[in-house]
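Structure record follows, encoded as structure tokens.
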Amino acid sequence: MDHAGGRRPVAVGNGIFRRAGRAALAVWALASLLFLLSRWAPTSDAALGLTEPTEMQATAAETPGAHQLAQRAARQRLGLDVPLFYFSRPVAGPGQRPGWHWNGPRNQYHRWLGALLRGDLGTSFRDGQPVAARLATALLYTLPLTGTAAVLALAVALALAAGLARGPWWRRPALAALAGLQALPLFVLATGLLLLLANPDALNWFPTYEQAGAEDGLVALGACLLPLACLVLGAVPELALQLEASLAHEMRADYAVTARAKGLSVRRVVRRHALRNALLPVLPLVVDLLPALVAGAVVVETIFSLPGMGRLLAEAAATRDYPVLVGGVLLVGAARLLALLLADAGARWLDPRVS
Amino acid sequence: MKASAPIGIARARGGRALALGWLAAVAALAALGPLLPLAYAPAQPDLAHLATPPLAAGSAHWLGTDPSGRDVLAEMIFGARTAVGISLGAAVLATALGALLGGAAGFWRNHGWRVPWPAWAAALGAGWWALALPGAPAALVGAGLGLAGTLLGGPRWGRRWPVPLDAGVLGATALLGAVPRLVLVVALAGTLPLTPGGLLAVLVLTAWPGPARLVRAAMLRVTAQPFVAAARALGLPAGRVWWRQALPHACLPLRTAFPLSLASLLALESTLSFLGIGLPPEVPSWGHLLGTARTEPTAWWLVAAPGGALLFTILALQYLGRARGPGPAK
């Protein structure tokens, strides 16, 4: 840091705060947009959690009035009875000209935002549980999974790129395999692995979470291996290919040629000289790694039926459970914010002159 | 040039012809699907043959059937229709939209497009009236006066205020890039009821920032070129310089980006169908066909056919994108 100068670190700090602030603003705007969009559409009975299939039909058949009452009670309980936004445009009567009505702070958006600032994400439409509690339970599964996958993917990509830089005989086949793996959508990969390796009729090496039963800790851990492998295999190709291209570029630079000319081995040049510089252009990919893994978790957790964040999001989308959906989007945005801060620290470590 | 090496197959002779041939075959199957003499219609359950393997004795299902008895071959061919229709449509629309927005943002930036104040007054008044805010009739009169001022006074009239195009486009891309695309699409799909048209709109909405960023960056380089300055010095209107001179050059990187964007949209669309979030289950789709394999773990043919089709299509598109690109693929 000593040759970074006295003024630089301040500039770096400002830059990262501005970028993080911009990213936070984008997350807030996106969540607000989703909130308003979801509440704009008329909520159906199913979304209100009124249709418990058996019970609902009985009550509705008996008294339409009682059904209406239950609907109104549910809307009141979920806070849907107040206007949506600060101003609204009530439906005009026959002779009236439509106009705007100022609702003041007594509206859904204001309450949602206020609760959000207090750390309250609202309650799920489906089962009435607090969204924060559901997200926390889901994160207990997803965070270890995606965190391990991120670390493993980075390590594998680094090792692969460093190995490929030496130009071994397996370079061409390895690159072709990586390109093929990159083209394979994650859900095809996961389904294929599931049917091949966790299948009582084929090879049953990694019984899935459901087959193993949740109470047996060790078996449950083993059930996480296959999803982990899917996430890593899905993330490695792009990282490794970009890193390899970047490293190849650095190895042709003058300083690397000089290092080779003075007799250092390729391995040493890569590790001591080129790798740091080659990592810098790949850093944006690393920033996106954590959010991308959450997106990958949507697919992988659904396929392997793990009760994590991704499956929660997919199910919330399928059942139109908006509070969970908006909360999930906020959380993923927060993960990206965190990755941004980490990447900034990483950039400063890689290149002390970075501004 | 070295960057096209990553794909080993790329160096094989005729790789390009192979990729183009496969894509042409998929497109032809999609186009001719309804005309082919298929033994079974898509989405028609054949209850006598549930989850039959391919070429089984006593059944005319060449590629087998899925757990609800639908013919895999018919689902594959009509799934190609869905894939081509939705993914290609979304890719074309998103690329066009992104090129226009990104090109405009890169050309005019925040200060290049200045609008005289009577025009601002006209737009403000019209907006006020359209939203029926209090005092709407007065706003309508104001809008009329502003319009008259714009038409009569033209450019001579006083101050001109810039339209912050660049900030608007960059803000929109930042907003849409705040969470991964799959999460955003899943959230939007849960919010809005999805028809095929709605899915197309959601895909376009989430896919345009990529080409927009690319074209904007290219446009920043193009506007610094002498030929743009020469066109301006000739006295051509800015819009004409943009459309005829600058935009065609700024769109060159799209030749590389378009196949890659199409590949990612194809993967996204089939992922959504697989998750059961995208299209309704009666619409044939490769992703949905793959999804049925989960209920029948022994049915390898339910994974092999659509998975292979997806893999080859995406590989072909990626190869076409990389083979043309001068630098490392994005």
Side-chain angles (χ1 to χ4, degrees), chain A residues 22-23 26-27 29-30 33-34 37-38 41 89 97-100 172-173 175-176 178-180 182-188 191-192 194-195 199-202 241-242 244-246 248 288 291-292 294-296 298-299 302-303 313-314 316-322 325-326 328-329 332-333 336, chain B residues 2-3 5-11 131-134 136 171 174-184 186-193 263 266-268 270-271 274-277 287 290-291 293-294 297-300 302-303 306-307 310-319 322 328-329:
Chain A
R22 228 179 265 158
V27 172
L30 188 67
L33 209 65
L34 278 177
L37 260 179
S38 64
R89 197 171 178 184
R97 210 186 126 63
W100 290 91
R172 292 286 277 280
L175 287 178
L178 280 176
Q182 192 187 14
L184 204 59
L186 186 59
F187 75 96
V188 179
T191 314
L194 178 72
L195 293 196
N199 191 341
D201 299 313
L241 285 176
Q242 297 274 346
E244 197 272 338
S246 173
D288 281 337
V294 175
V298 172
V299 173
T302 310
I303 292 176
L313 269 181
T319 57
R320 310 202 170 260
D321 192 349
Y322 306 130
L325 214 52
V326 174
V329 166
V332 176
R336 186 160 175 280
Chain B
K2 193 90 167 41
I7 309 186
I9 318 157
R11 288 298 168 92
L131 289 174
L133 291 172
L175 182 72
L176 293 171
V179 292
R181 192 146 56 136
L182 180 64
V183 174
L184 182 61
V186 165
L188 279 175
T191 310
L192 309 163
L266 185 62
L268 185 62
S270 51
T271 304
F274 176 80
L275 292 175
I277 296 171
L290 250 161
R294 276 190 291 167
T298 49
W300 54 267
L302 290 179
V303 180
L310 266 176
L311 176 65
F312 286 134
T313 312
I314 292 176
L315 260 183
L317 287 169
Q318 287 194 345
Y319 171 62
R322 291 249 172 74

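Just so we're on the same page: letters track the sequence lines, and every chain starts at 1.
- Closest approach of Ile277(B) and Ala317(A) over heavy atoms only: CD1-CB, 4.4 Å.
- Ranked by heavy-atom pairs under 4.5 Å with chain A, the first of Ile314(B), Leu317(B), Leu268(B) is Ile314(B).
- Residue contact with chain B, scored on non-hydrogen atoms closer than 4.5 Å, involves the backbone and the side chain of Ala29(A) alike.
- Contact of Val303(B) with chain A is made through the side chain alone, with heavy-atom distances under 4.5 Å.
- The side chain to side chain contact (heavy atoms under 4.5 Å, CB included) with Phe274(B) is formed by just one residue from the set Ile303(A), Leu186(A), Thr302(A); it is Ile303(A).
- Counting all heavy atoms, side chain and backbone alike, Ala316(A) lies closest to Leu325(A) at CB-CD1, 3.9 Å.
- Of the residues considered (Leu184(B), Leu290(B), Leu176(B)), Leu290(B) shows the highest number of contacts with chain A, using heavy-atom pairs under 4.5 Å.
- Note on Leu30(A), Val326(A), Val329(A): by heavy-atom pairs under 4.5 Å with chain B, the leading option is Leu30(A).
- Here OG1 of Thr191(A) is found 11.0 Å from CG of Leu302(B). Values are rounded to the nearest 0.5 Å.
- A donor-acceptor pair under 3.5 Å is formed between the side chain of Ser38(A) and the backbone N or O of Leu34(A).
- With a 4.5 angstrom heavy-atom cutoff, Thr313(B) does not touch chain A via any of its atoms.
- Using a 4.5 Å cut-off between heavy atoms, Ala263(B) does not touch chain A at all.
- Interface residue Leu175(B): backbone and side-chain heavy atoms are both found under 4.5 Å from chain A.
- Taking all atoms of both residues into account, the shortest heavy-atom contact from Gly180(A) to Leu315(B) is CA-CD2, 4.1 Å.
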